[in-house]
There are 2 protein chains.
Amino acid sequence: MPEKRITTKDIARLANVSRGTVDRVIHGRGKVSEGARTKVEKVLKDINYQPNVIAQTLRANRKLKIALLIPSPDEDPYWMAALAGINLERDKVAQFEIDIRHFYFNQDDVSNFATLSDEVLSDRPDGLLVVPFFYKESVAFLDKCTSLKIPYITFNTHLDTAQSLCAIGQDLCQSGRVAANLIHRLRRKEWSLLIFHFDEDISNALHMQEKERGFREYFDEKEIRDVYTINLKSTDNIDEILSEFSSENVSGVFVTTSKSYKIADKIKSKFDDCILVGYDLLRENVNHLKSGNIDFLINQNLEIQARQGINYLIDSLLFKRQLPQKEFLPIAIVSRENIDSYLLMNESYPIQ
Amino acid sequence: MPEKRITTKDIARLANVSRGTVDRVIHGRGKVSEGARTKVEKVLKDINYQPNVIAQTLRANRKLKIALLIPSPDEDPYWMAALAGINLERDKVAQFEIDIRHFYFNQDDVSNFATLSDEVLSDRPDGLLVVPFFYKESVAFLDKCTSLKIPYITFNTHLDTAQSLCAIGQDLCQSGRVAANLIHRLRRKEWSLLIFHFDEDISNALHMQEKERGFREYFDEKEIRDVYTINLKSTDNIDEILSEFSSENVSGVFVTTSKSYKIADKIKSKFDDCILVGYDLLRENVNHLKSGNIDFLINQNLEIQARQGINYLIDSLLFKRQLPQKEFLPIAIVSRENIDSYLLMNESYPIQ
DNA sequence: TTCGAATTTGTTCACGTGAACATTTAATTT
DNA sequence: AAATTAAATGTTCACGTGAACAAATTCGAA
């Protein structure tokens, strides 16, 4: 079975017309007589024609311009992982000469987001990979993208935008439950539990709320009620706040952001046998995890999210692949024993 | 900056020769005068020429034929996940019309592997994705592949074959440590620990040994010595074996294969508060995990391994991408709280 | 009818590569 | 020096698509 590939030429022959007519029917442009159209459409249906994407791509012969709009990794190292993922994919798809333009906005400054997003629009990218950090502004911006026919993929933050090619993220509420479950099963004493929010940026509020909701939901089901929430402002004195608790009072701490490294040693030195669970594999977090100050980190897989995003964008734009509307990545539980297997993934990739 | 793509035509112009000569230099075939060769090579180096893979692929215009050689999923459901991964990718790359031929060998029958691998060879695939299950036979087979210039990628089982495009797997010893760590931290009593091998197929021996090594290494470091190994044959009576232990004697059980579902309820009903850790998200395992009979499953990510394997093979064969020599996937810790995030990944994918 | 315009259909080129084929130049033999 | 062969270089086609362009057909009006 040689199974030759079916081309527009074959269709033209079968319908007894020229390739030009077939092309006009397929793309619905130009004038075609009723008779010819019917003939061609019949053949098309019979034969289930699939265009050769390779040839299409060659023909189009365009370099993709992709915009990346994320919070600045300089201000919050959390976003570094996204960059790492992007760069990894950029190298892998170097042959397609894709032009990825980076736009970093200040996550403490809404107006900066507006400015940056305007810059993105005036750059007219072929596609967009974006963290819709500020709810209202993001919705407005993405609406503009839709009307300008700039396709986009969102990641990290979830927005209910049916217009996006794909939304990549994680079930935050469930990740809160995972943290709760770990603490519940590991703790040695039935003392209080603390939830720490690092509320430097109000826009994370939704994120953190979801995680807290999951965490509390879990303990509510177990009828464990002594769960307390602490909102830390960057101006707050952590020692002062911790001094309100006695050392034999807290058996578990859950930090809802990637900032657990900021309190890890304080927690461990103050509370006996206290279980600390935080988020994300920042270098400082990894160090604390390895030294035992942090017990578990939940990996939001930002790097994978970004990689997936870029890949999907290219697949869609260059090869017209269909994408899933949503993609939830695994809620990865990371301990000092499996941390290396998560870090190794980022290992450098030989370039051609 | 329009940054036009550099083609062989440009190189020909710059070196003041014809495209034919450029082509001969690049591919080192045909006769080229010393002078012309030098000129072209200089331009090539100066300009860092990268061929257009899209055009190459169109030109080559071939359908890939990829062979998949794995143990039969009908005999051991563990391998179903590999199939799921393959099928997912097959749909995603449907446009490239890749012909994936499945060969399932009997994992209890070495001679069957020999037969199947011969079939694979006579089918002359463009590439091969293989689980090198039987050590000696696999080495022989893969050597044949190398001499027949059939490139291959291995997964699941690790073989030191520098010839493979890429070896995909997991650090088994470390996964044993992960299991040990979970049990160590979760168990309520300092009773004995049991390691269960399901030794139905001798070829898994290496796998299981590695996992046991990691597990024991961990507890040795903690100076915990009461760790016992039980080799279960399929003919063995499990109840009989368990009767050797009193109910207040065992605080943790580690099953080194995907077969933990076979003893989960027996363990939980016999031993008080015993922690059970096993491998892989088989349906039965998932059920036990959700019901609480199994505490943790370590996901070997067979599905991801297979997906990655197919993707890499296509990238290499079709687009000539460079691959990493080895790829170790994360050692995923799965509990009843994050299991869904691992199952959702397999969600069906809309086809174009 | 016969011309002109509108409509419909057919042909050709470009995308970049690889390879077959054709042509020109150099080296060797008679 | 002419003829023959070998070496080196140049030209062209195919891959499949999309679109510009050219050609052919139809129709209405004079």
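Residue numbers start from 1 in every chain, and the chains themselves are labelled A, B, ... in the order their sequence lines are given, proteins ahead of strands.
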Distance test, side-chain N/O of [X] to OP1/OP2 of [N], below 4.0 Å:
{"X": "Ser18(B)", "N": "dG10(D)", "result": "yes"}
{"X": "Ser33(B)", "N": "dT9(D)", "result": "yes"}
{"X": "Asn61(B)", "N": "dG16(D)", "result": "yes"}

| said: Hydrogens and angles aside, do Gln163(B) and Tyr152(B) bring a side-chain donor and acceptor to less than 3.5 Å of each other? | reply: no

| message | Could you check whether Glu89(B) and Asn311(B), counting side-chain N and O atoms only, form a donor-acceptor pair closer than 3.5 Å? | response | yes

Return the value, rounded to whole Å, for the distance between atom [atom1] of [X] and atom [atom2] of [N].
{"X": "Asn16(A)", "N": "dG10(C)", "atom1": "CG", "atom2": "C1'", "value": "13 Å"}
{"X": "Arg37(B)", "N": "dA7(D)", "atom1": "CZ", "atom2": "C1'", "value": "13 Å"}
{"X": "Asp10(A)", "N": "dC15(D)", "atom1": "CG", "atom2": "C1'", "value": "13 Å"}
{"X": "Lys9(A)", "N": "dC13(C)", "atom1": "NZ", "atom2": "P", "value": "15 Å"}
{"X": "Lys31(A)", "N": "dA23(D)", "atom1": "NZ", "atom2": "P", "value": "22 Å"}
{"X": "Glu34(B)", "N": "dT25(C)", "atom1": "CD", "atom2": "P", "value": "21 Å"}
{"X": "Gln50(A)", "N": "dG16(D)", "atom1": "CD", "atom2": "C1'", "value": "14 Å"}

Would you tabulate the side-chain donor-acceptor contacts of residues 143-150 of chain A under 3.5 Å, counting partners in other chains and residues two or more places apart, or write 'none'?
unit_1, atom_1, unit_2, atom_2, d
Thr146(A), OG1, Leu142(A), O, 2.9
Ser147(A), OG, Asp143(A), O, 3.4
Ser147(A), OG, Lys144(A), O, 2.9

| request: Identify, between Leu58(B) and Val32(B), the residue whose nearest nucleotide on DNA chain D lies closer to the 5' end. | output: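 Here Val32(B) is the residue nearer the 5' end.
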
Write down the atom of [X], the atom of [Y], and the distance for their closest heavy-atom approach.
{"X": "Glu303(B)", "Y": "Gly85(B)", "answer": "CG-CA, 3.6 Å"}
{"X": "Leu129(B)", "Y": "Leu313(B)", "answer": "N-CD2, 3.9 Å"}
{"X": "Gln170(A)", "Y": "Asn301(A)", "answer": "NE2-ND2, 4.5 Å"}
{"X": "Val131(B)", "Y": "Phe105(B)", "answer": "O-CZ, 3.8 Å"}

| remark: To the nearest 10 degrees, the angle between the two end axes of the helix from dT1(C)-dA30(D) to dT30(C)-dA1(D) (five pairs per end) comes to 80°

List, with names and distances, any nitrogen or oxygen atoms from the protein found under 3.5 Å away from nitrogen or oxygen atoms belonging to nucleotides 18-20 of chain C.
unit_1, atom_1, unit_2, atom_2, d
dG18(C), OP1, His27(B), NE2, 3.4
dG18(C), OP1, Gln56(B), NE2, 2.7
dG18(C), OP2, His27(B), NE2, 3.3
dG18(C), O4', Arg59(B), NH1, 3.2
dG18(C), N9, Arg59(B), NH1, 3.4
dG18(C), N7, Arg19(B), NH2, 2.8
dG18(C), O6, Arg19(B), NH1, 3.4
dG18(C), O6, Arg19(B), NH2, 3.4
dG18(C), N2, Arg59(B), NH1, 3.4
dG18(C), N3, Arg59(B), NH1, 2.2
dA19(C), OP2, Arg29(B), NE, 3.2
dA19(C), OP2, Arg29(B), NH1, 2.9
dA19(C), OP2, Arg29(B), NH2, 2.0

| request: May I ask you to say what Ala60(A) touches in the nucleic acid, namely base, sugar-phosphate or nothing, with a heavy-atom cut-off under 4.0 Å? | output: nothing

| Are the side chain of Ser316(B) and the backbone N or O of Tyr312(B) linked by a donor-acceptor pair below 3.5 Å? |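 Checking the backbone N and O of Tyr312(B) against the side chain of Ser316(B), no donor-acceptor pair under 3.5 Å is found.
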
| field | Steps toward salt bridge (Lys or Arg N to Asp or Glu O under 4.0 Å) verdict (Lys42(A), Asp46(A)) | value | CA-CA 6 Å; Lys42(A) 172 148 178 27; Asp46(A) 287 353; 2.8 Å; yes

